[in-house]
Structure formats: structure tokens, C-alpha cells
Chemist: 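Structure provided below as C-alpha cells; questions to follow.
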There are 4 protein chains.
Amino acid sequence: MKRNKPKYKQIIDAAVIVIAENGYHQAQVSKIAKQAGVADGTIYLYFKNKEDILISLFKEKMSLFVDKIEEVIAGKQTVSEKLLVMIENHCKILSDDHHLAIVTQLELRQSNKEIRLKINDVLKGYLKLIDTILVSGVESGEFSANLDVRLARQMIFGTLDEMVTTWVMNEQKYDLTAQVPTIHKLLLQGCGGRNTISLGG
Amino acid sequence: MKRNKPKYKQIIDAAVIVIAENGYHQAQVSKIAKQAGVADGTIYLYFKNKEDILISLFKEKMSLFVDKIEEVIAGKQTVSEKLLVMIENHCKILSDDHHLAIVTQLELRQSNKEIRLKINDVLKGYLKLIDTILVSGVESGEFSANLDVRLARQMIFGTLDEMVTTWVMNEQKYDLTAQVPTIHKLLLQGCGGRNTISLGG
Amino acid sequence: MKRNKPKYKQIIDAAVIVIAENGYHQAQVSKIAKQAGVADGTIYLYFKNKEDILISLFKEKMSLFVDKIEEVIAGKQTVSEKLLVMIENHCKILSDDHHLAIVTQLELRQSNKEIRLKINDVLKGYLKLIDTILVSGVESGEFSANLDVRLARQMIFGTLDEMVTTWVMNEQKYDLTAQVPTIHKLLLQGCGGRNTISLGG
Amino acid sequence: MKRNKPKYKQIIDAAVIVIAENGYHQAQVSKIAKQAGVADGTIYLYFKNKEDILISLFKEKMSLFVDKIEEVIAGKQTVSEKLLVMIENHCKILSDDHHLAIVTQLELRQSNKEIRLKINDVLKGYLKLIDTILVSGVESGEFSANLDVRLARQMIFGTLDEMVTTWVMNEQKYDLTAQVPTIHKLLLQGCGGRNTISLGG
DNA sequence: TATGAATGAGGATTCATTCAT
DNA sequence: TATGAATGAATCCTCATTCAT
């Protein structure tokens, strides 16, 4: 659809706010339209249906994730460092946008199976990025040659996801980014790697 | 409610099947009643409302989890073995009951926030069990004294949950239990432990 | 039905209490049974259905009304006196039984048209009693020969009913019987009669 | 709500017809919508809920009562005349709209206590109007200075209400307005007034 | 493009009544 | 007589989507 028109992004941003503040099941199209400052019918000039808003929302935000993380790991040499900046940025992006954190960790998961499958398709881009990091670790010898990349990636993503969800469920009361070094160490060890961050031993 | 009456369990089992086969939002009370072989009104002799069915379902099934795993880890000495049987049983219980796996990993997460909070309360019993295993590892010296138990537990649960969800989303096409040794190794390493399973190196 | 059995009256009295305390639409058969100290099914050994309880209740209580008032007017000579003791007793019976007042003035009127028509049949006995008083006044010359007995009776019953309903709606906060002399004067005047009560002028 | 929109009145009129013809408990929202020629959901653009339809219905119709009667008594000098035109119009409005008569005298009284209390609030406007007439009679000397206005009003309203209800229960088989002069005389006498209508003696 | 009034399908829950014991 | 577990019909309201303007 017309993704470059200002109203496209306007509606997506409105959706994030409305879903975060009202919850998934109370985020009616009319509320999103009101928040975006447009009429209900206008929504349907930019999105096929409500489901399309949610998928598009996830796509837009997830691409920010992937772009940002691709950018920061490009400058890193060791897999330990790559993993660290990935974890850092994962936590930072969600830490900086409380609404987005609520929407991705809690609310969007209440959508039905069909939507969740489509969201998972979008997520695959991020999962591939993690795979890339892991493969680079195997190739450089930092990780064992027989590391099960698929399972290791499930461990990394599952751990990060659980960590962020717990933080959101605890109403974001503590500093998520403070946990980054510890979780980095756990995951790196899990993959059989050694810490090569400047301060590490 | 009347938890010992056969109809109580009969209705819960019917709910698992109906939700797994129709999806959360298509699991009408009348469908559950029909599957259970009782009248719609009979449901309300055993449950306060539909929400109560879902919470009770989760409680009943989760207590199977906790009871079973408490039982099997009791006979194990090393934390490596405890972790292994926990992972084994986590995967086995869900592997053996495809309907239950769909319900816990996909469908029940579509419930509204209120229900999810109550489900999370129930889940805490399982999380505490994981903590207990981790603490025993710290105390025995198998894990480092400064292991962050909270984060390690988030890693373990997040990893298992992601692994099972991925398997369910792939329509349970491969053997989940085959992944147990590999994931055990990853998680054990993550926590800084050494494999003390007989066959391990 | 078995009107002499103790449980018959037991159930009717329970119904009065339950309806008065819970309101017509919250007076379920199961509540009445519980209040009466019998099982739900037992109700149906004494009454055909719920409607039958309500009609029977009204019949029983209304016959108290008619019997009592027939008794007291028998000893009175003038129509003024007859009217007075009728009004006195009408107010007294309802004043003495707060539950009954709530049930007859407010709750029973919420029943459907069918039940209300049957209740009206029962009420006719009372209306005929008023007619008898009025006719005696016409025959004795105390009232004009061309008094419209039917309309005069509607005035008397309508006035008493409105007076008692207003009192019940005001939560029975004032003394209903204190209004008896005044309302007696208004109604007697309305019918064209003169006050022949000892204290009257 | 949007009281000036034609659909507002359209729905209220439909409700009167549906309730009169089907009875209070058989007046489903879908029936009212069908009668009004709108979709079920449209009802909720104009009314908060079903209860709101009933209260609004009563408000609209009762204001016709009050407005009309205020208008006609304004041109009358004596309290006897004022009372007469009030009774005339009370009977005429209900006589002219058989559906409305059924709804106000029989069906709306089946509503639950909450709705009835709100209806009673609306009714107070009419009762105050009767009080105004009575007070004007006291002030002009047509009624005794010690007339109990409150009880006299209860007599007047109770009598009219009983008269109309009896007429409705008898399926409106006779001419209600033919009773106006007689009931006027009874009530006027009751209040201690003299007939000053041109034809009266 | 933009509007917003109108649409209409769909489901949890209550409670009078029955009947096997 | 007495019980009480089981039955099952019946309805208000929400909200994604459309379409005439």
C-alpha cells in the first residue's frame, strides 16, 4: 500500500499507542482512527483490514530492529562483541520505547493464530540475523564446529524474549539494560564461546 | 469447585481438545459442553464462568508438570542430571499430548491480560522449581557462586518455551525429544556447569 | 393442592421473604426452596410451577385482608364508620408486615401480564367488598342515589393503593396509619358523604 | 443522545408498538430494530442500552403529558376547570394512543426496580403539576386552607391511574373519556371544592 | 482522498423444571 | 414424599467493514 504517504506511518504509530494503552482486545479500529486523527473509513484507504495494520506495524518496527543491529555488528570483529551489541540494541530499542515493548511482548501475542503465523514470518529476518552471527562464530573457530545453530538461535532468542517479557510484566520497574553483560555471558558460554570483550578475561 | 467429580476433569479435557482443534476464539462453551457430553448449563455447575475453565485447565495441567518433574529430579544427584530430566520431562509431556502443546504454546496466549496474569501466577510454581535446581547447583559448587539465578532461570525457561513453540508452529513435524541432549548441553554450559551425565564427555 | 400441609404455607412465607429481600426478578425457585428449608424439587410437589406460587401467595394474603375487613365492618352502622375501619385495616395490615407491603406494592407488579390478570381476579373479592360498603351508603341515604359505585370504588382503591405504594417507595419512613383520618375525610367527601365518626363535626 | 435525529423518535415509536403488541418481556431489541426499520446495531448509536430506550420512551411521552396539560390549564381560571382539563387530557392522550396506554399502564411496570426508580423520577414532573393545581385552589379559597396537598395529590393520581388501568385491563372496551365528568366531580368533592364548570350546579 | 452513519453476525450465561434415586 | 444434579432455550451488545456523499 501507500507506505510513503504520511498517514500510513501516522496510523501505525497511533496503533502502537492505542494497543499499548488499551490492550489488544480494546484496540478498536475507531480508537486507532481517532488517535491518528482520521476518520474510520480512511484507515481502509491505507490498510486492507485490521489484521493488515498489525502485520504492517510489526514489519515496520521489526525492520528498525534488523537495520539497526545489522549496522552495529558490521563494525565488530569477534562473535562475542557481535553478540553483545545485538543484545545491547535489542534491549535498548525496547527500553527506549515503552509502548512498543508492551505491544510486542504482551499485546500482539493475543492475536489469533493466523496473524501470529504472519508475524512469525516477519520475525524470520531477525532470526536469520542471529544465525548469521552464530555461523560467523563457528567459522572463526570461536564456537565449536558442531554447534547446533538452529537450537542455539532458539536459546538466544527465547532467552532475550523471556527476559524482556518478564521486565514488561514487572511494569518495566528495573533497568533492563543493566542485565545485558550478565545475559551476554550466559548465552556466550551456552554456545561454548569465550568472552573477548575488552574488559573480559 | 468439585474437582473430584469425574465431570470436572471431563470438561477440562474436552476444553483442551476443543481449543486445540478450533482455536481459542472459536472454542465456544457450547462446543466444550458437546465435546464433554454434557449440557451447556452443566458446565456452570463445575466452573464459575468460561475464564474459570481456562485457568483451571492450566492449573490442572501445570500441576502435572510440577509434580512429575519434582518426582524425577528427587532421584538425581548432580545438577546436570536434574536439569536433564527436567528438560526431558518438559519435552515429553508436551510431545505426548499434541493437543495440550497447541493449547499451552499458542492458543492460551490469546486470552486477555486478566486471564494471562492468572495463568502467570500458576506458572510461578514451575519457575520456582527451576530456581530450586539452579540453587542446588550453586550450593554443590557445580555452578559458579555468582550465577544470577533469576537470569539463568529466564534463560532456561525462555529457551525451552521457544523451542517447544517453534516445534508446535512447525506442526510438530520433527521429534522434539531428540533435541533434549543438545539443548541440555547448551543450557548447562550457559550456567557454567559441566556435563556429568554418564555418557557425556 | 395440598394447602393444609405445613410445607404449603412454609413455602409461601418463604416466597414473601425472598421476594421482599431480593426483588421479584431475583427470587429464583432455588432461593425460595432454600429459605423454606426444602429441596428445589419439593416445591413442585406443592405447586404446579413458579407462577402458581405467586398466585397462591396473593390469594392467601388477600383472603386475610377480606376476612379481617369483613369482620370489622360487620360491627359498624354508618358508611362513614365502615369506610374508616376499612381504610384503617388496609393500612394496618400492610404497616404491620413490611415484607408483605413490599411484595404487594412493588415486586408482584413486575410479574408478566398473564400473572397480573390472575392476581386481578383474586383482587376482585376485595373490590366487591368496597362496592358493598358503597352500596350500603347509597341505600342508607348517606351517599347520593346517583353515585357511580364503579368509579367511586376505583377512586377508593386507587387512592389507597397509591398512598401505600408511595409510603413503601419512601422506604416506609413515616407512619402510614397517621394518614388514615385525613384520607378517610377526602374519600368520604369525594363520595358525597358526611363524617359521622364520633369526633367528627 | 441525538434527540433531534429522526431515527431517535423512530426507534422510540417502534418500541411503544413492539412492547404493546408483544409484552415487555417479549420486546427484544432485534424486534424493536426491525419495527423501526433499522439494523440492531443502529439502536446503539442512539441509545446507551435497552434500559435507556425504555427510560427515554417514558421521558418523551411524559413530557408530552406535562407540556400539553400545562398549556391547557394556563387558560383556565378556577381550580375546578383546571382539574377538569387535566383529567380530560390525561384520559384523552391515553385514549387516543392505545399502544401507549398499554405500555404505560401494564408493560412498563414489569421492568426491574432500577428502571422503575428512574421512571418514577420522570413521573415527579407530573405529580408536581398536580400539586400546583391543588395549591392554586387553596390560595384562591376554592379549597380549604388545611387541605393536605400531598394526600390529595395521591388521591387524584391514584384514582386516574386506577381508572385508566382498569380500562386497559378491560381491553379498552368502553369509552374512557365518558367517565371524565363523573370522576372530576368525585375528585373535586374529595378536595372540598365546588363545581364551577358552566353546566355544573 | 476523506468521511462517519449504518450494518448485522455471533456467544456466554441463567434458571424453571424434570426425573432417577 | 423428598431430593438435587442435570437440562437447554433464549438474548443483548460490540465492532470490523462498507459506501453514499
Side-chain angles (χ1 to χ4, degrees), chain A residues 2 5-8 11 25-34 36-54, chain B residues 2 5-8 11 22 25-34 36-54, chain C residues 2 5-8 11 25-34 36-54, chain D residues 2 5-8 11 25-34 36-53:
Chain A
K2 303 134 192 188
K5 294 295 184 74
K7 283 196 180 159
Y8 178 82
I11 291 166
H25 291 291
Q26 281 306 306
Q28 294 86 352
V29 171
S30 60
K31 255 183 205 156
I32 295 173
K34 198 172 184 181
V38 301
D40 293 18
T42 306
I43 298 270
Y44 292 87
L45 298 175
Y46 295 88
F47 298 90
K48 215 168 70 223
N49 48 34
K50 188 178 179 180
E51 180 178 322
D52 189 30
I53 306 177
L54 304 176
Chain B
K2 305 145 187 185
K5 294 293 189 73
K7 286 200 177 150
Y8 178 82
I11 291 164
N22 299 274
H25 291 290
Q26 281 306 305
Q28 293 88 349
V29 171
S30 60
K31 257 183 204 156
I32 297 173
K34 198 169 183 183
V38 299
D40 293 16
T42 305
I43 298 269
Y44 294 88
L45 297 175
Y46 295 89
F47 300 90
K48 217 167 66 229
N49 47 36
K50 187 178 179 181
E51 178 179 323
D52 190 30
I53 306 177
L54 305 175
Chain C
K2 304 131 190 189
K5 294 296 185 72
K7 283 196 180 160
Y8 177 81
I11 291 165
H25 291 290
Q26 281 305 307
Q28 295 86 351
V29 171
S30 60
K31 256 185 205 156
I32 296 173
K34 198 172 186 182
V38 300
D40 293 16
T42 306
I43 298 270
Y44 292 87
L45 299 174
Y46 294 90
F47 299 90
K48 215 167 71 225
N49 49 34
K50 189 179 179 180
E51 180 178 321
D52 189 29
I53 306 177
L54 304 176
Chain D
K2 305 147 188 184
K5 295 293 189 72
K7 286 199 177 152
Y8 178 82
I11 291 165
H25 290 291
Q26 280 306 307
Q28 294 88 347
V29 171
S30 60
K31 260 185 203 155
I32 296 173
K34 198 171 184 182
V38 300
D40 292 18
T42 305
I43 298 272
Y44 294 87
L45 297 176
Y46 296 89
F47 299 91
K48 219 166 66 228
N49 48 34
K50 188 179 178 181
E51 177 178 324
D52 190 30
I53 306 177

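Below, all heavy atoms of this structure are taken into account, side chains as well, without hydrogens, waters or symmetry copies. Throughout, a chain's letter reflects where its sequence line sits, starting with A, and its residues are numbered from 1.
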Chemist: F:dC12, F:dT3, F:dA6: which one has an atom nearest the side-chain heavy atoms of B:Thr42?
Modeler: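 In terms of side-chain proximity for B:Thr42, the closest of F:dC12, F:dT3, F:dA6 is F:dA6.
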
Chemist: Could you give the distance from CG (A:Asn49) to CD1 (A:Ile43), rounded to the nearest 0.5 Å?
Modeler: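 Answer for the CG-CD1 pair, A:Asn49 versus A:Ile43, is 11.5 Å.
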
Chemist: Could you tell me the separation between the NZ atom of D:Lys34 and the P atom of E:dG8, rounded to a whole number of Å?
Modeler: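 Interatomic distance, NZ of D:Lys34 to P of E:dG8: 12 Å.
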
Chemist: For C:Asp52 and E:dA16, give me the distance from atom CG to atom C1', rounded to whole Å.
Modeler: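 From C:Asp52 CG to E:dA16 C1': 14 Å.
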
Chemist: Between E:dA2 atom C1' and A:Tyr8 atom OH, what is the distance in whole Å?
Modeler: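 Going from OH in A:Tyr8 over to C1' in E:dA2 covers 19 Å.
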
Chemist: What is the separation between atom NZ on A:Lys7 and atom P on E:dT3, rounded to the nearest whole Å?
Modeler: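 So the NZ-P distance, A:Lys7 to E:dT3, works out to 5 Å.
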
Chemist: Rounded to whole Å, how long is the line connecting atom CD1 of A:Ile32 with atom P of F:dT17?
Modeler: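 These atoms are roughly 11 Å apart.
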
Chemist: Report the residue (D:Gln28 or C:Gly37) whose heavy-atom-nearest nucleotide on DNA chain F is the more 5′ of the two.
Modeler: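 On the 5' side of the pair lies C:Gly37.
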
Chemist: Under the rule for side-chain hydrogen bond (donor to acceptor under 3.5 Å, both in side chains), what residues qualify as partners of B:Lys31, not counting sequence neighbours?
Modeler: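 Expected list: B:Gln28.
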
Chemist: Can you tell which of F:dA5, F:dA16, E:dT7 lies closest to the side chain of B:Leu45?
Modeler: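 Given the options F:dA5, F:dA16, E:dT7, the side chain of B:Leu45 is closest to F:dA5.
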
Chemist: If we only count heavy atoms from C-beta on, is the D:Ile53 to D:Tyr46 side-chain gap below 4.5 Å?
Modeler: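 Counting from C-beta outward, D:Ile53 and D:Tyr46 never come under 4.5 Å.
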
Chemist: Please report, rounded to the nearest Å, how far the P atom of F:dT1 is from the CD1 atom of C:Ile11.
Modeler: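 It works out to 12 Å between those atoms.
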
Chemist: If you check every side-chain atom of D:Tyr46, which of F:dA16, F:dT7, E:dA6 has the closest atom?
Modeler: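 Taking heavy atoms from C-beta onward, the closest nucleotide is E:dA6.
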
Chemist: Could I get a table of every N or O pair under 3.5 Å where one atom is in the protein and the other is in nucleotides 18-21 of chain F?
Modeler:
none

Chemist: Want to know the stems of DNA chain E: at least 3 consecutive Watson-Crick or G-U pairs with distances under 3.5 Å, which are they?
Modeler: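 Counting only runs of 3 or more consecutive pairs, the stems involving DNA chain E are E:2-21 with F:2-21.
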
Chemist: To the nearest angstrom, how far is B:Ile43 atom CD1 from F:dG8 atom P?
Modeler: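 Nearest whole value for this atom pair: 13 Å.
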
Chemist: Using every non-hydrogen atom in the two residues, find where A:Ile11 and A:Ile32 come nearest and quote the distance to one decimal.
Modeler: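 Scanning both residues, the minimum pair turns out to be O-CG2, 3.9 Å.
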
Chemist: Within this structure, what is the CG-OH distance for the pair D:Leu45 and D:Tyr8, rounded to the nearest 0.5 Å?
Modeler: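 D:Leu45 CG to D:Tyr8 OH: 14.0 Å, rounded to 0.5 Å.
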
Chemist: Between F:dC13, F:dT7, E:dT13, which one does the side chain of B:Val29 approach most closely?
Modeler: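 The closest nucleotide is E:dT13.
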
Chemist: What is the distance, rounded to the nearest whole Å, between atom CD of D:Gln26 and atom C1' of F:dA10?
Modeler: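 From D:Gln26 CD to F:dA10 C1': 9 Å.
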
Chemist: Map B:Asn49 and C:Glu51 onto DNA chain E by nearest heavy atom, then report which one ends up closer to the 5' terminus.
Modeler: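 That would be B:Asn49.
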
